[in-house]
Number of protein chains: 2
Amino acid sequence: MSLVVIGTVAFDAIETPFGKTDKIVGGAATYASLAASYFYDKVKIVAVVGDDFHKEDIADFKNHGIGVEGLQIKEGEKSFFWAGKYHNDMNSRDTLITELNVLADFDPIIPDSYQDCEYLMLGNLTPQVQRTTIERLKNRPKLIVMDTMNFWMDIAMDDLKQTIKLVDVLTINDSEARQLSGEYSLVKAANKILQMGPKYLIIKKGEHGALLFHEDLVFSAPALPLAEVFDPTGAGDTFAGGFIGYMAKVGTVNFNNMKNAIIFGSALASFCVEKFGTEKIRNLSSEEVSARVQQFVGLSSFVIGQ
Amino acid sequence: MSLVVIGTVAFDAIETPFGKTDKIVGGAATYASLAASYFYDKVKIVAVVGDDFHKEDIADFKNHGIGVEGLQIKEGEKSFFWAGKYHNDMNSRDTLITELNVLADFDPIIPDSYQDCEYLMLGNLTPQVQRTTIERLKNRPKLIVMDTMNFWMDIAMDDLKQTIKLVDVLTINDSEARQLSGEYSLVKAANKILQMGPKYLIIKKGEHGALLFHEDLVFSAPALPLAEVFDPTGAGDTFAGGFIGYMAKVGTVNFNNMKNAIIFGSALASFCVEKFGTEKIRNLSSEEVSARVQQFVGLSSFVIGQ
């Protein structure tokens with residue numbers, strides 16, 4: 001049994017009000033698999049890089065127990081590269097450079113050793129490639145979680161909806177939920193999106209936390225109020241990876257476990273934004289993670305007497 | 001012992017995407033005192049109206065057990081009138097008319113029978129009038145809660161800061177917290193504002209809930225996800241009134257009681273927005289309030305095992 005993560009493994013160059021980086025390792029699959037590895041020991045990546053990718057970064061996946069047989073290395077080609085600059089409020093950013101490189105014709109090859117996939121994380125990618133991944137798994141995974149973004153709604157809405165139809169959990173942010181549904185009210189948006197296929201919808205609201213919708217149930221998860229957000233890159237992928245990693249750990253798909261999975265995902269994401277790129281989420285102790293989760297408990301608990 | 005609410009009692013004309021009203025009763029003290037009356041039976045108003053104010057609306061205060069000895073009625077003058085139109089997202093609005101009328105030279109007279117005030121709600125008004133109210137109480141109340149808005153930060157910041165220095169709890173929204181502190185991060189903003197005098201700060205985030213800050217403690221309260229917000233007018237005043245009403249009921253000022261007070265205030269506010277003006281919060285049963293509070297419990301509770 002395993003948790004397969006498909007998504008980008010890439011180089012990012014990030015500029016925030018606090019500083020800037022050279023090319024550092026990034027990508028949805030990188031953040032998500034690292035986050036998932038804190039909860040589950042059979043995480044495997046499907047992704048593609050060029051021969052410019054650093055051997056140490058591949059070694060680091062292995063150090064986290066992450067399988068890399070599905071990580072294709074294209075000789076003579078270059079890795080996907082994104083450069084962006086965050087504005088002072090850290091809530092918006094400009095994309096400075098997008099070089100697709102190896103991603104342009106990415107064919108997600110699933111190694112035989114991945115056919116034991118029980119949990120599938122479809123990180124942000126073209127909806128077509130996400131769908132192909134599902135089709136190439138001989139057995140339908142127990143839980144498919146899909147992350148996506150407004151970019152695919154702008155240019156490939158029909159394709160996106162075909163993929164959304166196949167998944168169990170969709171994670172998007174509030175403006176994406178509005179765009180996908182055509183509804184301003186998030187409750188109405190959620191109702192419409194839940195009719196598109198997914199049984200669960202997670203609406204990520206950044207510093208305002210997250211909402212989980214399922215049938216008539218709603219769960220509102222807080223975000224940890226942070227004095228400083230150093231670099232928001234990858235926070236959503238880290239959240240999704242922590243979420244599915246925790247679900248794989250507990251092994252039973254239900255609303256209560258998903259509530260906890262959102263708290264664990266949020267805890268990991270709150271670490272992610274404390275340093276540039278993946279730096280912080282590469283070296284967490286289980287004590288740090290537990291202590292952070294307890295902060296979430298304290299943050300949102302109250303007891304109403306009779 | 002009593003809970004004194006000072007603020008506007010006024011006429012509003014409201015237009016939303018769902019419809020529009022003629023002049024209906026509104027004002028911060030109206031919403032706050034009605035909300036407080038669900039939890040505490042010795043609520044008393046300090047406010048001013050003209051002789052155009054409806055006798056039935058005054059009778060309705062009395063029906064809710066709200067004392068009106070401090071409600072001045074100015075013969076030959078007109079009540080404060082505000083007209084506004086909400087945009088489609090219901091998060092922003094245009095003020096169409098503001099007629100100060102009796103409010104222009106409002107002198108907050110405190111009847112002797114109000115000198116037993118233990119809980120003081122300073123509804124949104126000029127900071128000078130709010131301060132005068134505190135000064136005219138012979139004994140400093142056990143708990144002073146102050147609501148204010150960006151308008152006073154724009155035109156009377158020094159005056160506002162003098163009043164803020166005197167209160168226990170300040171309730172403002174997120175953009176006001178940023179404006180008052182000059183900090184974008186709400187954690188940094190809260191730290192600065194807590195140094196200005198208040199021991200507790202509540203940051204209202206509308207559909208994203210509320211944050212309570214006190215020393216190093218933070219509580220994040222959810223908002224009830226609503227399919228439709230019919231009319232947001234008075235929601236913040238209702239929240240504040242429910243908050244202080246619940247505090248008066250429990251009688252002990254501490255962080256845990258304030259967490260619950262925020263939930264009860266949020267529950268009342270979630271009713272407020274379901275109909276125009278005060279319509280919904282005039283006729284709630286205690287069963288409805290309890291059921292709504294239980295919705296908040298269900299919405300945000302989770303149990304992390306070991």
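Letters A, B, ... mirror the listed sequences (proteins, then strands); counts begin at 1. Just so you know, these numbers use all the heavy atoms, side chains as well, and skip hydrogens, waters and symmetry mates.
Heavy atoms closer than 4.5 Å to chain A are found nowhere in B:L217, neither backbone nor side chain. Residue B:Y184 touches chain A through its side chain alone, counting heavy-atom pairs closer than 4.5 Å. Residue B:E207 touches chain A through both its backbone and its side chain, counting heavy-atom pairs closer than 4.5 Å. At a 4.5 Å heavy-atom cutoff, the contact between A:L211 and chain B is made by side-chain atoms alone. At a 4.5 Å heavy-atom cutoff, A:N191 makes no contact with chain B through either its backbone or its side chain. Contact annotation for A:L299: both backbone and side-chain heavy atoms come within less than 4.5 Å of a heavy atom of chain B.
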Can I get a per-line list of side-chain donor-acceptor pairs under 3.5 Å for residues 226-252 of chain A, giving both atom names and the distance, sequence neighbours left out?
from: A:E228; atom 1: OE2; to: B:K188; atom 2: NZ; distance (Å): 2.6
from: A:D231; atom 1: OD1; to: A:T233; atom 2: N; distance (Å): 3.0
from: A:D231; atom 1: OD1; to: A:T233; atom 2: OG1; distance (Å): 2.6
from: A:D231; atom 1: OD2; to: A:G277; atom 2: N; distance (Å): 2.9
from: A:T233; atom 1: OG1; to: A:Y86; atom 2: OH; distance (Å): 2.8
from: A:T238; atom 1: OG1; to: A:G234; atom 2: O; distance (Å): 2.7

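Under the 3.5 Å distance criterion, with hydrogens and angles disregarded, a donor-acceptor pair is assigned to the side chains of A:H87 and A:D94. In this model, a donor atom of one side chain and an acceptor atom of the other lie less than 3.5 Å apart for A:D154 and A:Q179.
For the residue pair A:M196 and A:S181, the shortest heavy atom distance occurs at CE-CA, 4.5 Å. The heavy-atom pair separating B:F276 from B:K20 by the smallest distance is CZ-N, 3.8 Å.
Scanning for side chain to side chain donor-acceptor pair (under 3.5 Å) contacts around A:Y119 gives A:K142, with sequence neighbours left out.
With chain B as partner, the option from A:P222, A:S300, A:S290, A:G298 having the largest number of non-hydrogen pairs under 4.5 angstrom is A:S300. Counting heavy-atom pairs closer than 4.5 Å to chain A, the top-ranked of the candidates B:G209, B:A190, B:P225 is B:P225. The most heavy-atom pairs under 4.5 Å with chain B, out of A:A223, A:A189, A:S301, A:A221, come from A:S301. Ranked by non-hydrogen atom pairs under 4.5 Å with chain B, the options A:V303, A:N256, A:L186 are led by A:V303.
The ring of B:F39 has its center closer than 6.0 angstrom to the ring center of B:F264.
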